[in-house]
Amino acid sequence: MAEQVFAELIRKEQLKEDIFKFSVKAPSIVREAKPGNFIEIRITEQTEPFLRRPISIYHLDRENGILEFIFQVKGKGTQILAKRDVGKEIDIIGPIGYGTFKYDDYQNIAIIGGGIGVFPLYELAKEAKADNKNVTTYLGFRNKDFVVVEEEFKNVSDELILTTDDGSYARKGFAINYLEEDIKAGKVDAIYACGPLPMLKAVQKLAIEKEIPCQISLEEKMACGLGVCLGCAVKTAKSPKDAPQYLHVCKAGPVFNAKDVEI
């Protein structure tokens, strides 16, 4: 169950010019959180910006009760958050999200992510590897300047396939192309994805065509994170055209069966 905590910022790292990793002491959230959950952060005590910011959980250090999250500076809220000093507290609600990654029924799992969408996948890869699953991770970035957390994923994957669109680093092309090759070779039992919408649509289409179980983590604007504002609705795949039905990413998700949603 989600709860509000005032978590001390114990470590702050700048991974890229606009990307930061925060480590906070939040044992109660860490104890309950699962791969795929997210948190809602209040940026300031002032009225502006008023709404909390939803941020995916990157890593759970369950032994020490430390939660790590990574975010990109995009607007006023994240600009303020990036300036938070070590030793200060951060107002966090979490863990949030009923839909989480589930891999118990599969042995050979494929984890695919793109851009800043790779961050919610790290804890999944780490826990699946610890549970003796065969983990192949496919990460795609625009070019070498955008590559992050490569070594971290390498340490929690049996194989890491990293691509750049322009071939400036690692393999050239799109991560999904290499995933498709492994599917054809019979190496994949289930797929788990998070990233840009075009990538998710392509992964969803591929998984349905090949009849491979697939879960996708969706990102939507979440003003409340509790299903009250109704701002993060996603259409269900089986909705009648004349009477569309919706699920809310913050409550039913953020992880969904790829067959269940229309993206």
Side-chain angles (χ1 to χ4, degrees), residues 2 19 29 32-41 53-60 67-72 74 94-106 109-129 133 135-141 148-149 152-153 156-157 174-176 179 188-208 212-222 225-227 231-237 246-263:
I19 296 179
I29 294 179
E32 299 295 329
K34 299 176 181 178
N37 280 146
F38 66 98
I39 55 177
E40 286 268 0
I41 295 177
R53 278 6 183 212
I55 298 180
S56 299
I57 293 173
Y58 169 69
H59 177 224
L60 300 166
L67 181 152
E68 293 184 336
F69 59 91
I70 300 176
F71 64 96
Q72 183 178 34
K74 287 187 173 182
I96 302 175
Y98 174 78
T100 55
F101 293 113
K102 297 175 176 60
Y103 56 81
D104 291 348
D105 295 335
Y106 310 104
I109 72 171
I111 296 174
I112 181 169
I116 61 173
V118 307
F119 304 137
L121 299 171
Y122 176 78
E123 185 64 26
L124 166 64
K126 187 195 77 175
E127 293 199 8
K129 185 73 168 63
K133 303 298 182 180
V135 178
T136 303
T137 304
Y138 309 78
L139 302 182
F141 299 94
V148 286
V149 295
E152 289 85 344
F153 270 98
V156 296
S157 306
F174 301 109
I176 191 172
L179 169 61
V188 178
D189 297 335
I191 303 170
Y192 304 83
C194 184
L197 191 58
M199 187 206 81
L200 288 183
K201 287 183 176 181
V203 171
Q204 181 189 48
K205 182 174 183 290
L206 176 64
I208 292 174
I212 296 177
C214 177
Q215 288 186 302
I216 55 177
S217 179
L218 301 181
E219 296 180 357
E220 292 288 343
K221 292 182 179 180
M222 303 179 192
L226 302 172
C232 61
V234 58
K235 189 177 179 181
T236 62
Y246 295 89
L247 297 170
H248 297 102
V249 174
C250 68
K251 290 192 72 176
V255 178
F256 294 91
N257 185 313
K259 292 183 177 180
D260 293 342
V261 290
E262 183 178 304
I263 59 174

[atom2] on [Y] to [atom1] on [X], rounded to 0.5 Å:
X      : Y      : atom1 : atom2 : result
Leu200 : Ile112 : CG    : CD1   : 9.0 Å
Ile39  : Ile57  : CD1   : CD1   : 6.0 Å
His59  : Glu68  : NE2   : CD    : 6.0 Å
Cys214 : Leu206 : SG    : CG    : 8.5 Å
Ser56  : Ile116 : OG    : CD1   : 9.0 Å
Ile41  : Ile55  : CD1   : CD1   : 3.5 Å

Next item on the list: Output, in order, the C-alpha distance, side-chain angles, deciding distance and verdict of side chain to side chain contact (heavy atoms under 4.5 Å, CB included) for Val255 and Ile216.
Entry: CA-CA 5 Å; Val255 178; Ile216 55 177; over 6 Å; no
[X] side chain near [Y] side chain, heavy-atom distance below 4.5 Å:
X      : Y      : value
Asp189 : Ile212 : no
Tyr138 : Ile111 : no
Thr136 : Ile109 : no
Gln204 : Ile263 : yes
Tyr246 : Val234 : no
Glu152 : Tyr122 : yes
Val148 : Ile70  : no
Tyr103 : Lys133 : yes

If you look at every heavy atom in [X] and [Y], which pair is closest and at what distance?
X      : Y      : value
Lys34  : Leu60  : N-CD1, 4.5 Å
Glu219 : Cys194 : OE2-SG, 4.0 Å
Gly36  : Pro254 : O-CG, 3.2 Å
Gly97  : Asn37  : O-ND2, 2.8 Å
Pro95  : Ala2   : O-CB, 3.4 Å
Val188 : Ala110 : CG1-CB, 3.8 Å

Next item on the list: Take atom NZ of Lys74 as the centre, draw a 6.0 Å sphere, and report whether it contains more than 12 heavy atoms from other residues, nucleotides or ligands.
Entry: no
Item checked: Heavy atoms from other residues, nucleotides or ligands near NZ of Lys102 exceed 12 (cutoff 6.0 Å) -> yes
Item checked: side chain to side chain contact (heavy atoms under 4.5 Å, CB included) evaluation trace for Phe71 with Ile19 -> CA-CA 6 Å; Phe71 64 96; Ile19 296 179; over 6 Å; no
Check: Looking at the rings of Tyr58 and Phe69, which for Trp means the six-membered one, are their centres under 6.0 Å apart?
Finding: no
Check: Would you say Lys129's side chain and Val135's backbone share a donor-acceptor pair under 3.5 angstrom?
Finding: no
Notebook entry, point to check: Step by step, would you call Ile176 with Val203 a side chain to side chain contact (heavy atoms under 4.5 Å, CB included)?
Noted result: CA-CA 7 Å; Ile176 191 172; Val203 171; 3.9 Å; yes
Next item on the list: Please report the C-alpha distance between Gln215 and Ile191 in whole Å, then the side-chain angles of each, then the deciding distance to 0.1 Å, and finally whether the side chain to side chain contact (heavy atoms under 4.5 Å, CB included) criterion is met.
Entry: CA-CA 6 Å; Gln215 288 186 302; Ile191 303 170; over 6 Å; no
